[in-house]
Amino acid sequence: MATALLIIDFQNDFTPGGALPVADGDAIAGPVQRLADALDVVAATRDWHPADHSSFEPYGGPWPVHCVRDTHGAEFHPAMAEIEIDAVISKGVDRDDPGYSGFAGTELAGLLRNRDAEDVFVVGLATEYCVRVSAIDAVREELEVTLVEDGTRGLEVHKGDVARAIEEMRAAGARVAQSADVLAAVGR
Ligand code: VGL
Ligand code: ZN
């Protein structure tokens with residue numbers, strides 16, 4: 001059985017200076033890089049929206065325009081350049097698909113299965129949206145799922161959203177750990 005790091009949407013628009021910034025979103029860089037070095041397979045999702053995506057405010061959605069495909073905002077955060085990524089999964093590609101889950105309508109589950117990666121560590125942005133939904137879908141795919149808490153940050157639109165999301169992931173069957181403990185456990 002192999003280990004995998006699933007990096008959710010560590011993109012310019014979700015980090016300070018971006019269109020939908022997560023406060024401190026860039027602070028996950030260290031844990032994400034250390035985990036990427038230590039785990040067997042690295043898969044990274046990216047929010048990859050058309051310019052008229054239904055989640056955008058001008059089209060009736062809740063969010064400012066963000067992560068429009070092939071724009072600077074949709075590019076991975078510069079810290080990702082240090083990481084050897086085995087697979088990139090684009091999501092939210094269709095106008096009417098919210099694209100919160102890295103698993104819905106993508107090849108991600110099959111890819112992890114092909115690599116025998118059943119032990120999946122989840123990091124990225126934002127904790128209570130794409131990280132939450134992806135981690136819960138990973139449990140549904142019968143993977144062993146660990147949320148690495150210091151490898152994720154949230155938007156916290158409402159106070160307590162991040163804490164509630166973490167409890168929801170735990171209740172669904174995900175473990176919650178800190179990167180130092182994961183690194184110690186895998187012996188690197
Ligand atoms: C996300 C809001 C809108 C995320 C994506 O990556 O968590 N959040 N699109
Ligand atoms: Zn989005």
Side-chain angles (χ1 to χ4, degrees), residues 5-29 31-32 35-36 42-80 83 85 87-106 108 120-140 145 147-170 172 174 176:
L5 182 66
L6 179 53
I7 308 170
I8 304 294
D9 300 1
F10 190 12
Q11 292 165 273
N12 288 325
D13 270 346
F14 294 124
T15 48
L20 181 47
V22 174
D24 251 10
D26 46 355
I28 67 172
V32 170
L35 288 162
V42 177
T45 67
R46 60 182 183 185
D47 219 22
W48 198 247
H49 296 316
D52 61 349
H53 195 253
S54 59
S55 79
F56 296 167
E57 279 158 355
Y59 302 96
W63 304 115
V65 174
H66 66 277
C67 294
V68 174
R69 62 186 178 213
D70 296 313
T71 65
H72 173 77
E75 282 173 21
F76 285 127
H77 184 272
M80 292 283 276
I83 292 174
I85 303 170
V88 173
I89 288 96
S90 301
K91 60 183 186 52
V93 172
D94 294 328
R95 194 191 174 280
D96 295 315
D97 172 11
Y100 286 159
S101 173
F103 289 91
T106 74
L108 180 55
V120 177
F121 296 83
V122 184
V123 294
L125 310 170
T127 314
E128 68 274 54
Y129 297 99
C130 292
V131 171
R132 173 181 61 91
V133 177
S134 298
I136 291 171
D137 275 359
V139 173
R140 292 196 179 123
V145 181
L147 173 76
V148 185
E149 198 175 1
D150 55 324
T152 179
R153 294 287 189 284
L155 284 162
E156 194 79 348
V157 173
H158 309 284
K159 199 174 178 314
D161 280 357
V162 168
R164 278 188 290 275
I166 290 172
E167 281 323 303
E168 200 183 318
M169 288 183 262
R170 210 194 295 270
V176 180

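Both counts, for ligands and for their atoms, begin at 1 and track the order of listing. The first residue in the sequence is number 1, and the count goes up from there.
A side chain to side chain contact (heavy atoms under 4.5 Å, CB included) with V122 is found for exactly one of I8, I136, I7, namely I8.
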Evaluate S54 against R95 for side-chain hydrogen bond (donor to acceptor under 3.5 Å, both in side chains), listing each step before the verdict. CA-CA 6 Å; S54 59; R95 194 191 174 280; 4.7 Å; no
Does the side-chain hydrogen bond (donor to acceptor under 3.5 Å, both in side chains) test come out yes or no for T45 and D9, once each step is laid out? CA-CA 5 Å; T45 67; D9 300 1; 2.7 Å; yes
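Y129 CB, 3.7 Å is the protein heavy atom nearest to atom 8 (N) of ligand 1. Distance from atom 4 (C) of ligand 1 to its nearest protein heavy atom, with residue and atom name: C130 SG, 2.9 Å.
For ligand 1, the polar-atom distance check finds an N/O of H66 within less than 3.5 Å of one of the ligand's N/O atoms. Remark: ligand 1 and W63 share no N or O pair separated by less than 3.5 Å (distance only, no angle test). For ligand 1, one of its N or O atoms has an N or O atom of D9 under 3.5 Å away. Residue A126 has at least one N or O atom closer than 3.5 Å to an N or O atom of ligand 1.
Of the listed residues (V131, T152, D47), the one carrying the non-hydrogen atom nearest atom 9 (N) of ligand 1 is D47.
With the Zn ion (ligand 2) as vertex, H49 NE2 and H66 NE2 subtend 100°, rounded to 10°.
Summarising the geometry of R69 relative to V93, their closest heavy-atom pair is NH1-O, 3.9 Å, with the distance given to 0.1 Å. When all heavy atoms are compared, the tightest approach of S134 to Y100 is OG-O, 3.5 Å. Between D161 and E156, the shortest heavy-atom distance links the atoms N-OE1, 3.4 Å.
Using 4.0 Å as the threshold, E128 has no heavy atom nearer than that to any atom of ligand 1.
With respect to the Zn ion (ligand 2), D47 has OD2 as its nearest N, O or S atom.
In this structure a side-chain-to-backbone donor-acceptor pair under 3.5 Å is missing from N12 to A74.
Ligand 1 places these atoms under 4.0 Å from at least one heavy atom of F14: 1 (C), 4 (C), 5 (C), 6 (O), 9 (N).
Of the heavy atoms in L125, only backbone atoms (N, CA, C, O) come closer than 4.0 Å to ligand 1.
Under 3.5 Å, the side chains of H66 and D47 contain a donor-acceptor pair of N or O atoms.
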